[in-house]
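What follows is a short report on a single structure.
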Amino acid sequence: MFKGVMLLLDFTALSVVGCQWGDEGKGKVTDFLAAQSDVVVRYQGGPNAGHTVVVQNETFKLHHLPCGVLYPGKICILGNGMVLDALTLVAELEGLKKRGIVAEKLFISDRAHLILPYHLRQDSLEEVKRGGGKIGTTLRGIGPAYEDKTTRRGIRVGELRDEKRLKEKIAAVLEEKNELFNKVYGDEGITLQMIEAEYLPAALSLLPYITDTSYLLSSHLDRGDKVLFEGAQGAMLDIDYGTYPYVTSSGTLAGNICSGSGIPPGRVGAVLGVGKSYTTRVGEGPFPTEIKGETAVLIRNRGKEFGTTTGRPRRIGWLDGVALRHACRLNGVQHMALTLFDVLSGVGKLKIATAYRHRNGDLIEQFPAELHILEETTPVYQEYAGWSDDLSAVKNIHDLPQAAQNYIKGVEEIAGAHVSILSVGPRRDQTIWRL
Ligand code: IMP
């Protein structure tokens with residue numbers, strides 16, 4: 001089927017990106033496509049991601065590793081745009097090994113940045129200090145690690161190759177961090193011994209995987225191998241175009257694939273956008289179409305809407321067409337995967353936001369940059385009749401109830417993209433292709 005998408009789009013590379021606030025069900029879609037690829041690449045984010053994949057009724061939750069790891073022989077790349085926590089990455093690799101999966105062709109960019117224990121501490125301290133204004137981060141040290149990258153005190157994976165120099169650098173950064181922790185947050189800080197005893201051995205065990213992944217990836221593209229770029233989080237969590245500051249600290253749009261994996265724009269290929277049939281978000285921040293009460297509980301329970309990484313119950317809302325259109329435009333999405341469609345059966349009347357109405361009467365059709373404007377608006381909804389049929393075994397789009405087909409049409413109109421893949425359940429065989 002991937003072949004079908006490839007032929008249709010005429011590209012050897014395909015990117016899968018989230019078009020909402022993360023958790024769109026990218027794991028299932030990328031897993032499906034990874035089976036048809038030679039190389040699977042992650043290019044941003046880190047263990048804040050939690051991609052759930054169900055293979056033959058076994059559930060895998062991946063945080064750093066791309067879905068390709070579940071297939072023997074696939075080349076998996078953790079690109080330079082990622083931030084990696086050696087302890088959790090090693091635990092992830094060991095967890096898979098216990099289940100008989102060995103990441104035999106894993107390559108980690110020597111230019112990716114390490115998340116160190118002091119980044120996790122900083123993430124927690126900053127969140128507590130923010131009080132009511134907290135971001136609701138995953139507490140995985142993502143923001144502080146990217147901050148250090150940008151302020152040029154980050155530690156790159158390649159630096160693991162020189163242990164002596166590495167220890168000196170960590171000691172120097174730690175001194176600064178501890179001063180910050182002590183003086184600003186009244187926290188006792190972290191000792192170098194703590195890092196040396198636990199973290200460094202894990203980090204050093206990653207040495208065999210480290211290489212120049214940009215060069216490696218280019219050579220695979222030169223050979224005409226099929227490459228899948230696996231995005232993490234979603235467009236609305238993008239550092240520039242998301243609901244700033246309630247975003248993650250990396251670029252989550254397809255445009256970031258180039259700098260996050262070291263390839264030029266012409267090689268990115270087609271972009272498949274993934275969107276849930278409704279909206280969810282975890283963490284704090286604006287959510288214009290959020291709903292509470294019975295319907296939200298019904299959708300949360302049916303869609304198992306609890307965070308993969310943190311276990312937090314996800315906030316639930318109607319499909320936000322303004323955000324979806326923004327995401328599709330920014331990513332150049334022409335083809336979409338619409339996921340968790342089966343969850344909407346029996347929910348009753350459905351709604352899709354097509355615009356926002358500002359309290360001064362203005363109609364807002366483009367997602368605004370300023371959050372206070374968003375807070376002064378209410379969504380303008382298009383209503384759709386619901387359906388109660390169980391869709392989990394439907395194989396063809398034409399076998400869906402008319403109301404369901406109308407809803408899909410509504411999504412396509414607002415998104416400006418074609419729904420090419422419809423997911424009606426967690427298993428691989430619960431996927432309808434529409435090419
Ligand atoms: P951070 O990425 O841990 O700094 O968290 C920043 C924001 O992004 C918080 O609202 C998180 O809940 C959200 N976030 C980060 N990663 C994911 C993800 O994979 N899915 C959904 N939300 C995420």
Side-chain angles (χ1 to χ4, degrees), residues 16-30 42-53 60-67 81-85 88 92 113 115-116 118-130 132-150 230-253 256 260 274-276 278-287 290 300 303-317 320 323 327 339-340 371 374:
V16 175
V17 294
C19 289
Q20 291 157 329
W21 279 271
D23 307 319
E24 297 93 349
K26 295 181 294 296
K28 175 183 161 177
V29 178
T30 44
R42 272 212 43 201
Y43 52 91
Q44 47 78 220
N48 47 349
H51 293 170
T52 307
V53 185
F60 294 89
K61 292 181 192 258
L62 302 171
H63 298 286
H64 287 96
L65 297 166
C67 295
M82 289 189 74
V83 285
L84 309 173
D85 182 337
T88 58
E92 207 174 328
H113 278 247
I115 300 175
L116 280 113
Y118 49 74
H119 292 129
L120 278 83
R121 180 74 59 94
Q122 192 177 338
D123 204 352
S124 306
L125 291 171
E126 283 177 351
E127 277 289 81
V128 171
K129 190 149 185 106
R130 286 183 192 116
K134 72 174 181 176
I135 292 167
T137 73
T138 60
L139 301 177
R140 297 295 189 270
I142 306 295
Y146 277 115
E147 177 187 322
D148 281 1
K149 171 178 176 173
T150 310
E230 180 177 324
Q233 291 85 46
M236 302 314 292
L237 289 172
D238 178 72
I239 186 79
D240 287 291
Y241 283 92
T243 43
Y244 190 88
Y246 297 96
V247 292
T248 191
S249 296
S250 65
T252 61
L253 302 174
N256 195 41
V274 185
K276 219 174 241 185
Y278 44 93
T279 310
T280 61
R281 101 169 274 181
V282 280
E284 309 302 316
F287 186 176
E290 183 166 15
R300 182 178 298 117
K304 300 192 177 61
E305 297 293 358
F306 299 88
T308 314
T309 301
T310 57
R312 291 177 289 182
R314 294 177 184 142
R315 296 156 67 192
I316 308 287
D320 186 336
T339 61
L340 289 119
L371 294 193
L374 205 55

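Whatever order the structure lists ligands and atoms in, that order sets their numbers, starting from 1. The structure presented is a predicted model; accordingly, all values stated were derived computationally and were not measured.
- Closest non-hydrogen pair, L340 versus G303, comes out as CD2-O, 3.9 Å.
- With ligand atoms numbered from 1 in the order given, ligand 1 contributes 21 (C), 22 (N) to contacts under 4.0 Å with heavy atoms of W21.
- At the shortest separation from atom 3 (O) of ligand 1 among protein heavy atoms lies T138 OG1, 2.6 Å.
- Of the protein's non-hydrogen atoms, the one nearest atom 5 (O) of ligand 1 is T137 CA, 3.3 Å.
- Under the 4.0 angstrom criterion for non-hydrogen atoms, A232 is not in contact with ligand 1.
- Taking 4.0 Å as the cut-off between side-chain N and carboxylate O, K129 and E126 do not count as a salt-bridged pair.
- Every N/O-N/O distance between D123 and ligand 1 stays at or above 3.5 Å.
- Each of H64, K61, H63, E230 was evaluated against H51; a single residue qualifies, E230, per the side-chain hydrogen bond (donor to acceptor under 3.5 Å, both in side chains) test.
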Please set out all donor-acceptor pairs under 3.5 angstrom arising from side-chain atoms of residues 234-242, sequence neighbours excluded.
from	atom 1	to	atom 2	distance (Å)
D238	OD1	T252	N	2.7
D238	OD2	D240	N	2.9
D238	OD2	Y241	N	2.8

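- Under a 4.0 Å heavy-atom criterion, A49 is in contact with ligand 1.
- At the top of the distance list for atom 11 (C) of ligand 1, counting protein heavy atoms only, stands G136 O, 3.6 Å.
- For atom 17 (C) of ligand 1, the closest non-hydrogen atom on the protein side is Q233 CG, 3.5 Å.
- Residues R314 and E305 are paired through a salt bridge, judged by an N-O separation under 4.0 Å between the basic side chain and the carboxylate.
- Using 4.0 Å as the threshold, R140 has no heavy atom nearer than that to any atom of ligand 1.
- In this structure, R312 is part of the shell of residues with a heavy atom less than 4.0 angstrom from ligand 1.
- Contact annotation: for L237 versus ligand 1, heavy atoms closer than 4.0 Å belong to the side chain alone.
- Between the side chain of R140 and the main chain of T138, a donor-acceptor pair closer than 3.5 Å is present.
- Only the backbone of V247 comes within 4.0 Å of ligand 1, judged by heavy-atom distances.
- When L139, V282, T310 are ranked by how near their heavy atoms come to atom 10 (O) of ligand 1, first place goes to V282.
- Of all protein heavy atoms, the one lying nearest to atom 21 (C) of ligand 1 is D23 OD2, 3.1 Å.
- The side-chain heavy atoms of I142 and T248, taken from C-beta on, include a pair separated by under 4.5 Å.
- A salt bridge does not link D23 to K276: none of the charged side-chain nitrogens sits closer than 4.0 Å to a carboxylate oxygen.
- Which of I239, T248, I142 comes nearest to atom 2 (O) of ligand 1 through a heavy atom is settled by distance: it is T248.
- Checked against side-chain contact (heavy atoms from CB on, under 4.5 Å), E284 has the following partners two or more places apart in sequence or in another chain: K134, Y246.
- Atom CZ of residue R121 and atom CG of residue L116 lie 13.0 Å apart, to the nearest 0.5 angstrom.
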